[in-house]
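Everything numeric here is computed off the predicted structure, so don't read it as measured data. All residue numbers in this chain count up from 1 along the given sequence.
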Amino acid sequence: NTMATINTLLFAFALLISSIYGQTKSAYYGAWMQKLSDSTDAPNFDTSTATLTDIVLPGSHHAGMYTEAIVGNGYQLSNDDFGGVLTSYPGDELRLKWSRRQTGSVSDQLNAGSRVLDIRLERNGGTVYAHNGLLGATLSTMLADIASFASSMGSGEIIVLNFNDFVGITNG
């Protein structure tokens, strides 16, 4: 019967999800690239000849725009175009909702499996920040998170940094 089949599939899916969430994020997702090189986990994928174009890399849009960083900066407006728009929004919490793009730090994103980080930079008061209407994490904090993650993983993980949308940063 159709209902019994649906219930069986839902039960199997629930078991799969519980087994995934029963592990820590970093144990399951943090080293996913290293797991690809283990022939038992990916028997049809040869990492010795693979190129970056052979792998789909999950990424984080506006990687430095997470609540802890934005709140830590006192909801400071960015000098980007979106910052000008946000001046008409009443209250920090509404501005936060429009500017935040991630729920965790760069470290959290890497441990969740992200390997391409979209980082938009703004120099403001001598410090370089991520930006999206408000100022997010500092460049130094993001780079420290990346270095710490890379160090803890050893070899086998690739992290692509896409620096773009520069505000207040010039050549020279």
Next item on the list: Let me see the working for Q76 and N124 under side-chain contact (heavy atoms from CB on, under 4.5 Å), right down to the final yes or no.
Entry: CA-CA 10 Å; Q76 186 176 348; N124 190 305; 3.3 Å; yes

Margin query: Do L110 and M142 sit in one hydrophobic cluster, given that two such residues count as connected whenever their side-chain heavy atoms are within less than 4.5 Å of each other, even indirectly?
Written below: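 In one cluster with L110: M142, yes.
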
At what distance, to the nearest 0.5 angstrom, does [atom1] of [X] lie from [atom2] of [Y]?
{"X": "L77", "Y": "L135", "atom1": "CG", "atom2": "CG", "value": "8.0 Å"}
{"X": "L161", "Y": "L139", "atom1": "CG", "atom2": "CG", "value": "9.5 Å"}
{"X": "M65", "Y": "D118", "atom1": "CE", "atom2": "CG", "value": "11.0 Å"}

Atom of [X], atom of [Y] and distance for their closest heavy-atom approach:
{"X": "S99", "Y": "F82", "value": "OG-CE2, 4.0 Å"}
{"X": "A69", "Y": "G64", "value": "CB-O, 4.2 Å"}
{"X": "H61", "Y": "R120", "value": "CE1-NH2, 3.4 Å"}
{"X": "G113", "Y": "P58", "value": "O-CG, 3.3 Å"}
{"X": "R115", "Y": "F149", "value": "NH2-CZ, 3.3 Å"}
{"X": "Q109", "Y": "A63", "value": "NE2-O, 2.8 Å"}

Check: Just checking, any donor-acceptor pair under 3.5 angstrom between side chains of D80 and N132?
Finding: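 Checked: D80/N132 side chains show no N/O donor-acceptor pair below 3.5 Å.
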
Checklist line | Polar contact flag, side-chain donor to acceptor under 3.5 angstrom, S105-S107 | finding: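 Note: S105 and S107 side chains miss the donor-acceptor criterion.
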
Check: For the side chain of R123 and the backbone of V167, is there at least one donor-acceptor N/O pair under 3.5 Å apart?
Finding: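 No, because the side chain of R123 does not come within donor-acceptor range (under 3.5 Å) of the backbone of V167.
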
Next item on the list: Take V85 and W98 through the test side-chain contact (heavy atoms from CB on, under 4.5 Å) and record every step on the way to the result.
Entry: CA-CA 10 Å; V85 171; W98 279 97; over 6 Å; no

Margin query: Show, in sequence, the C-alpha distance, side-chain angles and deciding distance for Y66 and T103, and conclude whether the side-chain contact (heavy atoms from CB on, under 4.5 Å) test is met.
Written below: CA-CA 6 Å; Y66 52 91; T103 58; over 6 Å; no

Notebook entry, point to check: Given side chains that start at C-beta, do those of E93 and Y75 come closer than 4.5 Å, heavy atoms only?
Noted result: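 Side chain of E93 against side chain of Y75, heavy atoms only: contact under 4.5 Å found.
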
Notebook entry, point to check: Should we count CG of D81 as having more than 12 external heavy atoms under 6.0 Å?
Noted result: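 No - once you tally the heavy atoms of other residues, nucleotides and ligands closer than 6.0 Å, there are 12 at most.
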
Notebook entry, point to check: Does CD in E157 sit with more than 12 non-hydrogen atoms of other residues, nucleotides or ligands closer than 6.0 Å?
Noted result: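 Atom CD in E157 is packed in, count exceeds 12.
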
Next item on the list: Take D165 and H131, measure what side-chain contact (heavy atoms from CB on, under 4.5 Å) needs, and give me the verdict at the end.
Entry: CA-CA 9 Å; D165 196 9; H131 71 89; 3.4 Å; yes

